[in-house]
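Below is one structure, written out as structure tokens, with a few remarks after it.
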Number of protein chains: 2
Amino acid sequence: MKTKGKATSFDIAHFAGVSQSTVSRALRNSPLVNEETRRKVWEVAKKLNYKVDKNASNLRTQQSATLAILLFEDPTGDESQINPFFLNMLGSITRACAKEGYDLLVSFQSISQDWRAEYEDSHRADGIILLGYGDYMDYQSRLQNLLSQNTKFVCWGANVEGRPDLTVSCDNYGGGQLAAQHFIEKGRKNCVFIGDASEHSPEFLTRFKGFQETLQRHGISCGERHIANAISTEDSGYHATHSLLANNVKFDSLFAASDLIAIGAIKALKEAGLRIPEDVNVIGFDNIAASNYITPSLTTVQQNTTLAGQMLVTNLLSLIRGEDITDTLLPPKLILRQSTSQ
Amino acid sequence: MKTKGKATSFDIAHFAGVSQSTVSRALRNSPLVNEETRRKVWEVAKKLNYKVDKNASNLRTQQSATLAILLFEDPTGDESQINPFFLNMLGSITRACAKEGYDLLVSFQSISQDWRAEYEDSHRADGIILLGYGDYMDYQSRLQNLLSQNTKFVCWGANVEGRPDLTVSCDNYGGGQLAAQHFIEKGRKNCVFIGDASEHSPEFLTRFKGFQETLQRHGISCGERHIANAISTEDSGYHATHSLLANNVKFDSLFAASDLIAIGAIKALKEAGLRIPEDVNVIGFDNIAASNYITPSLTTVQQNTTLAGQMLVTNLLSLIRGEDITDTLLPPKLILRQSTSQ
DNA sequence: ATGTACTTTGACACCGGTGTCATAATGTCG
DNA sequence: CGACATTATGACACCGGTGTCAAAGTACAT
């Protein structure tokens, strides 16, 4: 009992003495096929180590049981390291996909380049998950394009007013509030924010607004002089903090738009001889692994990546099934560590 | 100019006034088609937002321009975190695939369960990359199975004598040597190893051997009493170190089979009131991000994940093309940090 | 014996491309 | 002008499954 190359359903049909149609039905456990026939077919299939050709199957059924994820890189130009937060998301999304019986196609994208978002168009995936920081301005027109092609997709990220896509995101505003409240409880009066607080980075902007408006309600202002622009890298956080210090901005508490930024900030503060948390309280955002390892360990707003990955997948699957879904906001959680506990 | 649903090559043929065959040729820039016809076809295709159906295309050509990666989980049972080293590998493999014009199918696997290594059999991928720690004993029979099916695959991991597969791996033996030499230079006399030094974890075993045999040549023994068993998690490293201390084993230097283990070990040492590096020198393996963030920062044997990912991909592609390839050993590099610099 | 229902099976079209072969059109040379 | 090479195109089989439809076989009631 041998075949040239991989076994096909015709090979099985031949050896089982039935038609190819019956083989196809038997292998999918159709109730239309006789119990004994089914057993026989399965037996031969096993012996031949038969596996359904997904290309043929997908072609016929017009679906792929596959999701695709597009990961946008930070515009750091640094090839070596990927933002650990997104790496975690990638992990939890992979897990969630496996749980749902879907495969996952992964690709990195540079946001400035042409998207290879052809997965769904080319029938390789039933839907797409978009993930990554990036300039939202670039982003928007692309989304519009996906929509016009009736592509099924969900985004991780900021829930921007009027944004045309469906999103799963952390309650960034609420996260900013948590940070502000914590500073207020600690009696801090001079707060700064490190990160891009512009519409180019909606996530960061929303975090900042939750932070700023909460402070405001307690009579603390966090104006232009108290913001230092930074993208989500350690280096960027380091330099931003450095320039604040160089400009003689006085502050006793620092909220960073991400943990990587916070880690860079802590380095700059230490170098300036400032003690953490005595002189400056620091709060980050994400709760990446490193935030627990640095000294002092970093108080941070946790985003639940496990839940996030799950929600992205289940929402996308609902969308594919044609169900109505809405944006999902995940609750942030403040993780208390040494950088704010004196 | 409209189509119901997604546009096919027949739609383009219709609107461009040529046959479907010609469309197919034109879109793949076959030299057989007239310049003007090609331009016209491309124009229509663009207008209709046409994308080749990969399922049909793959079915016909019997290849997929896709690689699959199977990631074996650590047997920790901990759902939340994935070993950051493998996450990094995943990232670099994704990058390498993109560079070669291949897509990547990702799936997590539990080593004890049935592998869903059907990607290649089911024509979803042209080849498979296997990645992950795991009990090598389980592993081996599965590999044999893949081989017998003529599946193209490469493995990351230990280059075990007589192992039937092609591998890309770090020179684990050399890495162990580097650690031993460094301890010797520092004048350390009592060395311990934390990790599974058995054939169940060939990588760890090889690291240990390089370590032990180098010490031996300098008259330092590292016997059974100086080994504590651990899998690659922080917890496991913590407990293993704890039990060494509880057993009153005296040591002034500790080599951990992985950074995660080393981080756990450092925690245990600190709790026992030992100073690092004064009382105990510590060296890890991997150079994950956290090793640079902990206090004291961790001296470690770096595995070049970027290069590793690239080699895995290029070797697999060679294999697929039917070329002869051999196992690849990547040079390790000792990264000096505080945990060994007094 | 005839009709009806149900079970089980095979033949065949179909998914959307790719590759081969035949054919038509044009150009070249003796 | 006929023989032949060259270029450009269309017709068609094919990849390996899935779904529809007709039909054969069996059971049971009339």
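Everything quoted here is computed from the prediction, not taken from an experiment. These values consider heavy atoms only, across backbone and side chains, with no hydrogens, waters or symmetry-generated copies.
- Note on Glu36(A) versus Arg39(A): no salt bridge recorded, every NZ/NE/NH1/NH2 to OD/OE distance being 4.0 Å or above.
- Summarising the geometry, the separation between CG on Asn58(B) and P on dT18(C) is reported as 10 Å, rounded to the nearest angstrom.
- Atom-to-atom, CG of Asn55(A) to P of dT18(C) comes out at 13 Å; the value is rounded to the nearest Å.
- One atom, CG of Asn34(A), and another, P of dT9(C), lie 5 Å apart when rounded to the nearest Å.
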Between Ser21(B) and Ser24(B), does a side chain to side chain donor-acceptor pair (under 3.5 Å) hold up when you go through it step by step?
CA-CA 5 Å; Ser21(B) 301; Ser24(B) 174; over 6 Å; no
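- OP1 and OP2 of dT9(C) both lie 4.0 Å or more from every side-chain N or O belonging to Thr22(A).
- The CG-P distance, from Asp11(A) to dC15(D), rounds to 12 Å in whole Å.
- Put simply, NE2 on His123(B) is 8 Å from P on dG17(D), counting in whole angstrom units.
- At the phosphate of dG17(C), neither OP1 nor OP2 sits under 4.0 Å from any side-chain N or O atom of Ser57(B).
- Neither OP1 nor OP2 of dT9(D) sits under 4.0 Å from any side-chain N or O of Ser21(B).
- Taking 4.0 angstrom as the limit, Gln62(A) places a side-chain polar atom (N or O) nearer than this to OP1 or OP2 of dG16(C).
- Within the structure, a side-chain polar atom (N or O) of Ser9(B) is placed less than 4.0 Å from OP1 or OP2 of dG17(C).
- Arg28(B) has a side-chain polar atom (N or O) that falls below the 4.0 Å cut-off from OP1 or OP2 of dG19(C).
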With side chain to side chain donor-acceptor pair (under 3.5 Å) as the test, would you mind laying out the steps for Thr66(B) and Arg124(A) before giving the verdict?
CA-CA 11 Å; Thr66(B) 299; Arg124(A) 302 216 50 190; 2.8 Å; yes
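- Considering only side-chain atoms of Ser19(A), the nucleotide from dT18(D), dT18(C), dA11(C) that sits closest is dA11(C).
- Taking atom CD of residue Glu36(B) and atom P of nucleotide dT7(D), one finds them 18 Å apart after rounding to whole Å.
- Looking at the side chain of Leu59(B), the nearest of the listed nucleotides dG17(C), dG16(D), dA11(C) is dG16(D).
- In the model, Asn49(A) has no side-chain atom that pairs as donor or acceptor with a side-chain atom of Lys47(A) under 3.5 Å.
- The shortest distance between the side-chain N/O atoms of Arg60(B) and the OP1/OP2 oxygens of dG19(C) is not below 4.0 Å.
- At a cut-off of 3.5 angstrom, counting only N and O atoms as typed in the model, there is a donor on one side and an acceptor on the other between the side-chain of Arg25(A) and the base of dG10(C).
- The interatomic distance linking Leu32(A) (CG) with dC21(D) (P) rounds to 14 Å, in whole Å.
- With no hydrogens or angles considered, no side-chain donor-acceptor pair links Thr306(A) and Arg95(A) at under 3.5 Å.
- Residue Thr37(B) places at least one side-chain N or O closer than 4.0 Å to OP1 or OP2 of dT9(D).
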